[in-house]
**Q** 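What follows is a single structure, and I will ask about it in a moment.
All values below were derived from every heavy atom in this structure, side-chain atoms included, with hydrogens, water molecules and symmetry-related copies excluded. This chain uses plain numbering: 1 for the first residue, then up along the sequence. Owing to the predicted nature of the structure, the values given are computational and were not obtained by experimental measurement.
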Amino acid sequence: MSVRLVQAALLLAGAAAVIILLGRFDTAVDIVALGAIVVALIATAPAGRAAGGGWWSLLAAGTLLSVLGALLALVTEPVGGLVALLGGIAVLTAVAFGFPARRI
């Protein structure tokens with residue numbers, strides 16, 4: 001797996017998480033950002049199986065929480081927002097730990 005692909009996917013996930021966490025955009029932008037996090041999760045899956053890939057499990061958990069939070073927000077916004085907040089923090093943490101500085 002290319003280091004540049006992993007870096008680009010993680011940057012995409014991080015930027016998307018920030019967009020969602022800021023809450024300054026309309027629903028369509030948040031949905032696109034949520035989709036970008038899911039795409040980044042799928043794109044980085046091969047790198048997550050490598051040694052030291054524990055960050056990918058955190059990215060997967062953060063993605064799951066973000067999607068779950070978005071769905072819960074349809075029913076009860078405060079609870080959904082809190083779950084999405086935790087998911088966004090998990091995604092950003094995974095990006096920080098998983099960003100490769102050298103060849104995988």
**Q** Set out, in order, the CA-CA distance, both residues' side-chain angles and the distance that settles side chain to side chain contact (heavy atoms under 4.5 Å, CB included) for I20 and I37, then state yes or no.
**A** CA-CA 10 Å; I20 292 170; I37 293 172; 3.9 Å; yes
**Q** For I31, which fellow cluster members are found when Ile, Leu, Val, Met, Phe, Trp and Tyr are connected by side-chain heavy-atom distances below 4.5 angstrom, either directly or through intermediates?
**A** none
**Q** Could you tell me the separation between the CG atom of L12 and the OG1 atom of T44, rounded to the nearest 0.5 Å?
**A** 10.5 Å
**Q** Contact between L34 and S66 at the side-chain level, heavy atoms closer than 4.5 Å - yes or no?
**A** yes
**Q** Tell me whether V91 is reachable from V83 by hopping between hydrophobic residues (I, L, V, M, F, W, Y) whose side-chain heavy atoms are closer than 4.5 Å.
**A** no
**Q** Locate the shortest heavy-atom distance separating A40 from A9; write the atom from each residue and the value.
**A** CB-O, 3.2 Å
**Q** Are any of the side-chain heavy atoms of L10 and W55 separated by less than 4.5 Å?
**A** yes
**Q** In the hydrophobic cluster built from side-chain contacts under 4.5 Å, what are the other members alongside V29?
**A** I19, F25
**Q** Other members of the hydrophobic cluster containing L22, with the 4.5 Å side-chain heavy-atom rule, please.
**A** V18, L21, L82, L85, I89, L92
**Q** Search all heavy atoms of A33 against all heavy atoms of A16 and return the closest pair with its distance.
**A** O-CB, 3.3 Å
**Q** A quick test of your reading: do over 12 heavy atoms of other residues, nucleotides or ligands sit less than 6.0 Å from CZ of F97?
**A** no
**Q** Got L59 and S57 here, is their nearest side-chain heavy-atom distance under 4.5 Å?
**A** no
**Q** What distance do T63 atom OG1 and L41 atom CG have between them, rounded to the nearest 0.5 Å?
**A** 4.5 Å
**Q** Hey, is the main chain of P46 close enough, under 3.5 Å, to the side chain of W56 for a donor-acceptor pair?
**A** no
